[in-house]
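Structure record follows, encoded as structure tokens.
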Amino acid sequence: MTTVAATTIKARQRPGDRIFSSATLIAGSLILAVLAAVAIFLLVESLPAFVADPAEFSGDTTNFWSYVGPLIFGTIYAAILALIMAVPVAIGIALFISHFAPRRLAQGLGYLIDLLAAVPSVVFGLWGIGVLAPLVQPFYTNLVDWFGWFAPFAGPVSGTGRTIFTVAIVLAVMILPIITAICREIFLQTPLLHEEAALALGATRWEMIRMAVLPFGLPGIISASMLGLGRALGETMAVAMVLSPSREVIFQLLTSQNSNTIASNIALNFPEANGVGVNILLATGLMLFVVTLIVNMLARAIINSRKAFSGAN
Amino acid sequence: MSKRIEVNDLNVYYSNFLAVEGVSIVIEPRTVTAFIGPSGCGKSTFIRTLNRMHEVIPGARVEGEVLIDGNNLYGPGVDPVLVRRQVGMVFQRPNPFPTMSIQDNVLAGLKLNNRRMSKTDADDLTEKALRGANLWNEVKDRLARPGSGLSGGQQQRLCIARAIAVEPDVILMDEPCSALDPISTLAIEDLIEEMKSEYTIVIVTHNMQQASRVSDRTAFFNIAGTGKPGKLIEYDDTTTIFSNPSVQATEDYVSGRFG
Amino acid sequence: MSKRIEVNDLNVYYSNFLAVEGVSIVIEPRTVTAFIGPSGCGKSTFIRTLNRMHEVIPGARVEGEVLIDGNNLYGPGVDPVLVRRQVGMVFQRPNPFPTMSIQDNVLAGLKLNNRRMSKTDADDLTEKALRGANLWNEVKDRLARPGSGLSGGQQQRLCIARAIAVEPDVILMDEPCSALDPISTLAIEDLIEEMKSEYTIVIVTHNMQQASRVSDRTAFFNIAGTGKPGKLIEYDDTTTIFSNPSVQATEDYVSGRFG
Amino acid sequence: AANEAAPADDAPASTLTGTLNGAGASSMDAAQQAWIAGFQTANTGVTINYEPSGSGGGRKAFIEGGTDFAGSDSYMSTEELAGEFASCVPGTKAVDLPVYISPIAVIFNVDGVDELNIDADTLAKIFSGAITTWDDAAIVALNPDATLPSATINAVHRSDDSGTTKNFTDYLGQAAETVWTEKASDTFPFPGEGAKGTSGVVDAVTNGTNMIGYADASQAGDLSTAKLQVGEDFVAYTPEAAAEVVAGSPLVADRAADDLALDLNRKTTNPAEYPLVLVSYAIVCNEYADAAQGELVKAYIEYIASAAGQTVAKDAAGVAPLTAELEANVAAVLATVK
Amino acid sequence: MTSVLDATPLTNSLTAGKLPRRSSLWILLASWAVSAAFFAMLFLSGNVDGFNIVGTVVFGTVLYCVAIYVLSRLVEGSRKAKDRLMTALVTAAFVIALLPLVSIVYTTVVNGLPAFLTPTFFTSSQRNVVGAGGGVLHAIIGTLMVTGMATLISVPIGLLASIYLVEYGRGRLARAITFFVDVMTGIPSIVAGLFAFALFALLFDDPGIRFGFGGSIALSVLMIPVVVRSSEEMLKLVPNELREAAFALGVPKWLTILKVVLPTSIAGIVTGVMLSIARVIGETAPLLIIAGFTSSMNYDLFGERMMTLPVFVYTQYANQGADSQAFIDRAWAGALTLIVIVMVLNGLARLIAHWFSPKLGR
Ligand SMILES: Nc1ncnc2c1ncn2[C@@H]1O[C@H](COP(=O)(O)OP(=O)(O)OP(=O)(O)O)[C@@H](O)[C@H]1O
Ligand SMILES: Nc1ncnc2c1ncn2[C@@H]1O[C@H](COP(=O)(O)OP(=O)(O)OP(=O)(O)O)[C@@H](O)[C@H]1O
Ligand SMILES: [Mg+2]
Ligand SMILES: [Mg+2]
């Protein structure tokens with residue numbers, strides 16, 4: 001008996017486990033490898049840009065940093081504006097679906113919002129030019145007339161409405177479904193226990209959400225926002241089609257002079273680029289990479305600083 | 001502060017399923033009342049109707065009336081939020097808010113009404129509630145730590161502290177000790193004993209010994225079979241229920257002396 | 001089928017935190033052994049080392065040896081999966097698989113391991129396990145329904161059925177009745193009584209009465225204070241532990257007669 | 001697909017087979033698709049793909065050997081000509097062959113204004129931002145009969161680099177050299193409203209108010225177009241006027257004789273000519289490394305430069321055909337392509 | 001409480017201050033009416049052309065939020081008022097999101113239907129089509145093949161990686177992957193295209209390389225992070241007790257993951273996969289660079305240029321011929337097709353998720 005038992009608990013190697021865990025490890029490493037490959041590709045292609053001849057840069061810029069500076073600014077500006085608009089609305093929608101709408105309705109409503117995710121970015125571009133920009137232009141005129149003293153709303157107003165603010169609206173609509181979908185799943189997972197605890201203390205529905213749902217979902221909300229931000233930072237075609245770009249750092253939201261975004265600038269200039277011009281464009285891509293890296297580091301830092309208070313366990 | 005609860009012919013539904021039928025019961029102020037009965041007989045369902053937590057579940061509803069000091073909880077225009085302020089609740093599984101510190105957990109209910117509390121007021125209230133829940137000594141050095149870092153028994157007492165911090169009139173407890181070890185259980189039973197002088201307390205328990213130890217009056221619920229509604233079978237002084245019940249089913253159940 | 005368990009000088013760690021220290025114990029085949037002790041003394045931690053479930057937690061590890069019929073579970077080259085097939089476990093909270101029907105839950109141990117089985121074999125095995133867990137009559141008409149539709153007590157018995165369906169030698173139960181009502185508790189205690197003839201059973205309980213009702217031998221664990229490791233204080237026949245313990249701490253604890 | 005069914009028996013017999021890949025100016029796409037359709041119909045064994053990836057991109061791909069020919073809104077630069085051509089026999093070069101002429105229209109959308117006369121200086125001032133309102137004295141002087149609003153001018157330029165911009169700025173730089181001091185470039189040198197692609201500019205002008213912009217005339221659609229001052233007259237763009245200025249332009253100096261790059265005469269004062277035009281080129285090898293591909297390219301470009309090909313492009317893309325003289329020149333060069 | 005002694009049920013102390021039922025609905029209608037009146041006056045006074053519906057709804061909704069807050073605050077107190085305000089805002093958020101959705105779908109349908117309904121649209125390619133007519137079959141096939149291949153590549157990799165992160169990964173490698181996956185979400189699509197192009201141009205030593213599979217690779221770069229992120233979040237939500245239950249039955253880890261963890265979280269994972277498909281199926285820039293452009297059918301993912309719907313839409317819009325309306329019609333119809341495809345996929349995915357997801361009792 002003893003010897004039999006000894007063999008029965010001693011490991012025969014378990015190939016399934018080995019294969020599976022190595023597969024997951026390989027998949028994980030593959031992602032790192034792809035990313036490293038993209039990074040190396042960008043880095044190698046970028047190097048000539050840093051030492052490029054001043055004449056290679058169009059306009060008044062004479063070196064890479066003065067060229068890329070306004071682009072970085074524009075990219076972040078547009079993405080942040082989009083995020084500021086999209087995140088509260090997305091949280092609102094997710095809450096509406098998870099905690100306010102009648103349950104039967106909620107499913108269908110979720111599907112409706114997912115529909116937005118199905119709209120290709122070209123269509124967002126077409127819609128932005130053809131529908132949104134003409135629609136908001138009169139409002140811009142009013143804003144500039146009334147609030148022109150406030151720097152971001154200073155004139156002269158754009159005649160077409162194709163400003164960075166419109167771009168931010170388009171981006172916000174684009175990233176809305178991603179953030180909404182993830183927030184929704186997370187809000188639905190809030191432990192009933194904690195929701196009931198809040199209600200039993202005499203909290204109204206909103207107070208219950210503030211006490212139990214939002215804090216519990218915070219890390220998830222940040223993750224979702226990061227996904228959305230990533231998309232907003234990297235969106236190419238819609239921005240290229242909608243924005244009326246220029247080459248400076250411009251804070252005004254409603255004029256036809258707007259800082260361009262990196263991705264859109266690449267799309268606009270790549271087809272005609274040659275020689276070092278291509279390297280310069282790819283170097284701006286590298287900068288976007290670095291920006292994303294930094295933004296994500298900040299987000300991680302925020303999540304980690306609240307780890308002890310996270311809903312886990 | 002404590003209040004009298006009077007329930008008249010209450011039917012409780014989950015959508016179309018009648019879970020509890022025709023309960024009428026009067027609970028006097030400053031007493032401890034225990035609900036006992038087999039699983040699924042509707043104890044939890046019923047106790048949750050006493051502070052309108054029942055309706056949190058989609059499709060759930062009641063018929064009949066629950067009067068607290070003569071005011072019908074289910075009257076037209078009654079605000080469930082106000083009801084729940086006056087009737088606190090402690091759940092079976094301790095559920096401190098994991099995202100809050102111990103102190104914030106205690107003050108969670110208070111902060112709802114009283115946004116601007118001075119630091120000293122807040123500290124005083126925290127201490128009072130935690131002392132009331134017999135937890136002060138164990139946590140006084142780590143009020144800023146997350147509440148989820150405590151042991152199960154401590155967490156449960158934290159929840160009690162949180163419930164009494166808002167100074168309700170009635171406290172409902174749904175199997176508050178079932179997840180706890182005997183020492184924590186004892187602590188909570190002692191607590192109930194003390195709180196009795198100020199609050200009306202209703203407790204659901206599976207533990208006959210516990211019911212006989214802590215309660216003044218006991219209500220026995222039973223159910224005829226799955227799918228049938230639960231009913232209040234007998235309601236009397238605890239000593240009577242355990243020594244000399246008038247219904248055979250009650251005697252069968254309590255004489256099992258399980259738990 | 002049952003086996004003898006021998007633990008020699010076992011230390012159990014969570015990362016660097018020593019949770020249980022220096023336990024040596026011998027559990028005879030075909031007996032029921034109860035672990036009692038205050039919350040946090042390491043009962044759950046210790047019982048989980050008996051089928052290597054402990055190491056599922058990141059950073060957890062043990063020192064010392066656990067012999068099952070003389071084979072060291074923690075010896076080199078031992079496959080924890082095989083260990084767990086021989087040493088089954090039932091948890092405090094019933095946890096049937098929500099994606100599976102009742103029958104699939106019972107057969108989970110086999111099906112999840114890709115074991116092929118004829119339909120009749122499967123049906124026979126299901127019936128046998130469910131009868132063994134005293135659940136057959138209640139669910140025989142709805143084997144294809146989801147397991148999560150059952151009551152708590154039924155779910156717990158379903159988990160027991162699932163555990164015995166793989167025919168282990170030892171069954172570990174960590175507070176299997178704490179979420180259950182007295183009737184379900186009784187059903188499970190009866191079950192333990194029956195299973196004893198075939199299996200070696202180890203049960204953690206907070207309930208002194210339960211320990212004295214079902215177990216042959218009882219181990220009392222205690223802890224000196226928070227942050228200190230739990231220790232095995234006394235291990236003896238159940239009657240001795242409850243009537244005439246040799247250590248003062250044991251007497252203090254069991255004479256509390258809580259629970 | 002239904003339209004790609006096997007050729008009917010009575011289809012014109014052609015011995016050509018294979019796949020031809022080209023890339024280049026996106027503005028040429030419409031014309032290319034029409035030519036491709038015509039050529040593929042006649043030669044059912046051939047598939048031609050034209051990728052509208054931009055003139056620069058197209059030239060680069062061709063030079064690197066990625067495609068068999070390029071379509072470009074501007075002829076090859078001297079540096080490009082100096083280098084190697086991967087598709088061609090080593091040591092041989094490629095040539096620029098005009099394939100059509102596209103007038104560039106100055107489009108506008110101003111309330112109450114249907115017709116607009118403009119001269120190069122004023123146009124330059126508008127696009128450089130020196131003139132900012134529609135009722136500026138300079139514009140009023142040119143349009144005494146129009147009721148011009150006192151609104152801000154919103155001048156739209158291409159936000160992407162493009163041959164259209166290069167030709168537009170080249171025109172301004174030559175015809176209004178005192179005002180427009182920037183050199184011709186793919187990138188528009190001044191601030192203002194930018195829009196991506198011809199359709200972007202057209203959309204911006206259509207959807208905005210008090211707008212003006214420049215776009216390939218074929219895309220002007222329903223928008224009003226301005227007349228340019230040439231000599232003493234105001235000339236609207238017409239295919240004939242566009243062809244006329246091309247006919248009057250010399251070849252670029254210092255190039256191989258068979259390179260038909262044109263040095264457009266922007267400063268013309270002949271009112272029969274419309275000087276704001278763009279000439280699109282096909283760029284092909286003199287001698288292909290892969291002779292079979294060379295044969296295909298030759299056949300295809302021959303078709304393009306034929307009268308039939310020119311008509312197809314005119315109908316499908318709205319561009320102006322080459323003059324008969326240019327057609328003949330192209331044919332002559334093609335005859336030497338291998 | 002002063003009313004404690006007041007035991008007459010008539011004056012129920014628990015009803016203190018409450019707006020009558022349905023009052024919020026009436027207030028909403030009233031706000032819209034006021035706002036409509038305002039805009040109607042503006043319209044009649046001739047200052048603006050056209051009656052502004054969007055303005056009416058937006059302004060009316062804002063008015064409602066203010067009105068309900070003020071009224072509730074006066075009658076019901078500040079907490080209740082805040083609750084009502086937030087309810088109004090959350091609902092408004094939903095409506096706000098519907099506005100662009102409705103606008104986009106409406107625009108696409110209205111503009112897209114003419115060409116969408118032509119008989120050849122789904123049976124033809126653009127080969128040899130000049131001016132109006134032709135179809136998008138080549139682009140539909142291309143999109144399905146390129147995106148399908150991208151899905152085949154990304155979903156296993158992404159899912160396995162997320163399994164690694166949740167079930168196996170500890171320590172530095174896992175942290176690095178988590179972190180860099182986030183960074184990867186920020187790669188602009190055009191850079192992904194350039195990367196894929198550079199990669200294959202180098203591998204095959206062909207500076208003009210164009211093929212569908214390259215497009216799949218470019219899309220995978222964009223897709224993988226979305227799959228990993230969403231799957232990771234969903235896997236994390238599977239309770240540990242289910243894993244432990246399976247381990248305790250002597251089920252090896254890999255089978256536990258395959259048969260317990262994945263089925264339990266399948267609904268969320270499918271949602272994530274759908275999101276990731278939707279994320280890339282509409283990409284234009286990278287496909288233009290590496291999958292190329294053609295008017296003809298091509299069923300071979302590994303050879304020659306392959307058309308895709310977004311590229312089709314973009315080029316039809318950007319490079320219009322003389323009959324520009326035909327091009328614009330086709331562009332919108334292509335967009336409509338793309339949206340319909342994603343909708344159908346989404347519906348299918350939801351069905352799949354429904355079949356596999358946990359059956360909760362009752
Ligand atoms: N959310 C729900 N929806 C539908 N039916 C429910 C719900 N919760 C409970 N029930 C049903 O209502 C009846 C009473 O359940 P309840 O939880 O009140 O019993 P209990 O006496 O508290 O049991 P236990 O002792 O197990 O806690 C049971 O038949 C149960 O199945
Ligand atoms: N996952 C874990 N990581 C770190 N420490 C743990 C973990 N689980 C338990 N501990 C600690 O180990 C000690 C023993 O815990 P254990 O859960 O074994 O106690 P127990 O006797 O089962 O208590 P209870 O009766 O409350 O179930 C406690 O101090 C506890 O805080
Ligand atoms: Mg209950
Ligand atoms: Mg335990």
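FYI, side chains are in, hydrogens and waters are out, and symmetry mates aren't considered; it's all heavy atoms of this structure. In what follows, every chain begins at residue 1, and chains take the letters A, B, ... in the order their sequences are listed.
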Next on the checklist: Pair Asp29(D), Phe293(E) - check side chain to side chain contact (heavy atoms under 4.5 Å, CB included), show working.
Outcome noted: CA-CA 11 Å; Asp29(D) 191 44; Phe293(E) 174 98; 4.0 Å; yes
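Judged by distance alone, with hydrogens and angles left aside, the side-chain atoms of Gln320(E) form no donor-acceptor pair with the main-chain N or O of Gln219(D) at under 3.5 Å.
In this structure, the portion of Lys196(D) lying under 4.5 Å from any heavy atom of chain E is its side chain and not its backbone. For chain E, no part of Ala61(D) is nearby; none of its heavy atoms comes within less than 4.5 Å. For Tyr50(D), the part lying near chain E is the backbone, with the side chain staying farther off; criterion is any non-hydrogen pair under 4.5 Å.
Ranked by heavy-atom pairs under 4.5 Å with chain E, the first of Gly318(D), Ser53(D), Ala316(D) is Ala316(D). The candidate from Ala30(D), Pro52(D), Ala86(D) with the greatest count of non-hydrogen atom pairs under 4.5 Å with chain E is Pro52(D).
Contact annotation for residues 302-318 of chain E against chain D (heavy-atom separation below 4.5 Å, listed by residue number): Glu304(E), Arg305(E), Tyr314(E), Thr315(E), Tyr317(E), Ala318(E). The interface of residues 306-313 of chain D with chain E, defined by heavy-atom distances below 4.5 Å, is empty. For residues 197-211 of chain D, heavy-atom neighbours of chain E at less than 4.5 Å comprise Ser199(D), Gly200(D), Asp203(D), sorted by residue number. Contacts between residues 62-70 of chain D and chain E, defined by a heavy-atom separation under 4.5 Å, are made by Glu64(D), Gly65(D), Gly66(D), Thr67(D).
Taken from OG1 in Thr294(E) to CD1 in Ile36(D), the straight-line distance is 8.0 Å, to the nearest 0.5 Å. In this structure, the separation between OG on Ser296(E) and CD1 on Ile48(D) is 9.5 Å, given to the nearest 0.5 Å. Separation of atoms OG (Ser26(D)) and CG (Leu288(E)) is listed at 9.5 Å; rounding is to 0.5 Å. A distance of 11.0 Å separates CG of Asn319(E) from CD of Gln32(D), quoted to the nearest 0.5 Å.
Thr47(D) approaches Arg127(E) most closely through the heavy-atom pair OG1-NH1, 3.0 Å.
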